[in-house]
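What follows is a short report on a single structure.
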Amino acid sequence: MNEFDFRQWSHKAADWSADYLEGIGDRPVRPRVTPGDIAAQIPPSPPETGQAMEEIFADFESLIPGAMTHWQHPRFFAYFPSNAAPAAMVAEQLVTTMAAQCMLWQTSPAATELEIAMVDWLRQAVGLPNGFKGVFQDTASSATLCAVLTMRERALEWTGNQTGLAGGKRLRIYASTRTHSSIDKAAWIAGIGQDNLVKIATDDSPGGTFAMDATALKQAVAEDRAAGHLPAGIIICVGGTSIGACDNVAEICAIAKEEGLYTHLDAAWAGSAMICPEFRHLWAGAEEADSIVLNPHKWLGSGIECSAHFLRDPAPLLNTMAIRPEYLKTYGQDEIVNFSEWSVQLGRRFRALKVWFLLRAYGLEGLRARIRNHVAWTVKLAERLAVEPDFEITTPPILSLFTFKYRPDAADNLDALNRRLIEAINDDGRIYLTQTDFEGSQVIRFSAGQFDTREADVDIAFDVITQVARGMGTG
Ligand SMILES: *Cc1c(COP(=O)(O)O)cnc(C)c1O
């Protein structure tokens, strides 16, 4: 076995990382590769003996970065961002080195106590009341799964984990038609089933936020009770992925209270913006929700994976998720928090360190300035596109997301044209955009949120979109 020079290669990796970030704007955002290109270059079997790091590192450099989609690119305007601030990346290196496993207080005292503190810092940052507790889950999908499991167990009076679901009443969960697919998946995994996730229509009137129709929700719950089903909970959406839909949180929570239903608020993307008081109207009433998820790894700069899962009262979650075999007990420590009891995972990464570095290095004002800029520049871009003769804004900006369509007069198949436009823009490489559908047709999403995006990058987006579209013809 060869001696591994950890210091040398760590320095090399740090230098590589700094160079990568400095030069990232010169790379195409989405690589020009086709499926199988990279796999074809990986040996089919592992080596029997260790290889030189020079060789390994050289292969990394020649094979990997050029075939990556660059989420740190300042002109990444696709999906939602998954941004990582330099200070948070440094924290991640330290965490990786300690290889911390944060399942119990005892296995990671500082990590557990820092996690409690950082969840509370974030709680204050987004303006949730004192009393909300929380945990860092890996992703919003996991937080939502935990919430749906909690809805299930609470509705079953804590018997489901023991007896399973066979033979019982049909559990019912409610969400608007504009919620994220992670809600559907949570219903699948929780054994509730797609057919029992009741999708409620939204109010799409102009000037609104595509919010769940409260009357339709009440009616669906009443019909389910009349049919002998068991309503369990409501998923509330603030900042839906497709077009940024926001439910009326206060109104839905009031219905949930009347009906005795558990509520989970999915603000995976938009939640980060709540550090700015002027955006909190979008989730007015959030303090009434039982469970809330927001992803600092989307728009605050923590780097993936980091989902803040807030709970008005952690007891229902713990009743659902905590399992205490002898080998995980910590005797004589009744007051401690063991975060594996709050999540699906047992083994957990030390996520709080990057949040600590992040919040201290930039301060809330530094983070607010970025989000405010992203929103302002997005609004400006939408205004510029709106007055271009061949473009139409299909859904207005909600925070830093809007959708639009290219619709030149001569075009007949607009869906195909817009799909071709997205491909042409992404092949150009200067920016990266993705699509969604709205009212049955293909539209193009624009979403800003990369940590180091500047106004000039959004201006380039305007140039690329208009130039590529006009260079393409209409056929
Ligand atoms: C991104 C997103 C999710 C899923 O987030 P993960 O952390 O990747 O699981 C869920 N809901 C909304 C609204 C999102 O934008």
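Atoms within a ligand are numbered from 1 in the order they appear, just like the ligands themselves. Since we're looking at a predicted model, the values are computed, not measured.
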For this session: For atom 15 (O) of ligand 1, state which one of Lys298, Gln137, His180 supplies the nearest heavy atom.
Result: Lys298
Should you measure from each heavy atom of [X], which atoms of ligand 1 turn up under 4.0 Å away?
X	result
Ser141	6 (P), 9 (O)
Ser182	10 (C)
His297	7 (O)
Gly239	13 (C)
Phe80	15 (O)
Thr241	12 (C), 13 (C), 14 (C), 15 (O)
Ala268	2 (C), 3 (C), 10 (C), 11 (N), 12 (C), 14 (C)

Problem set entry | Side-chain donor-acceptor contact under 3.5 Å, Trp71 with Gln450 | no
Quick check, are the ring centers of [X] and [Y] under 6.0 angstrom apart?
X	Y	value
Phe438	Phe210	yes
Phe60	Trp16	yes
Tyr432	His70	no

Problem set entry | Evaluation steps, side-chain contact (heavy atoms from CB on, under 4.5 Å), between Lys257 and Glu288 | CA-CA 9 Å; Lys257 202 172 265 178; Glu288 298 297 324; 2.9 Å; yes
For this session: Give, for atom CG of Leu294 and atom CG of Leu300, the distance between the pair rounded to the nearest 0.5 Å.
Result: 7.0 Å
Seminar exercise, completed: d(Leu265 CG, Leu128 CG) to nearest 0.5 Å is 8.5 Å
Problem set entry | Identity and distance of the protein heavy atom lying nearest atom 8 (O) of ligand 1 | Thr139 CB, 4.4 Å
For this session: For ligand 1, find out whether one of its N or O atoms is nearer than 3.5 Å to an N or O atom of Ala140.
Result: yes
For this session: Check Thr144 against ligand 1 and report side chain, backbone, both or neither, counting heavy atoms closer than 4.0 Å.
Result: neither
Exercise. Just heavy atoms, cut-off under 4.0 Å: does Asp266 contact ligand 1 by side chain, backbone, both, or neither?
Worked result: side chain
Exercise. Do Tyr406 and Ile465 have side-chain heavy atoms sitting under 4.5 Å apart?
Worked result: no
Exercise. With Phe446, which of Phe76, Phe77, Phe462 fulfils ring-ring contact (aromatic ring centres under 6.0 Å, His included)?
Worked result: Phe77
Problem set entry | Heavy-atom gap Glu305 to ligand 1 smaller than 4.0 Å | no
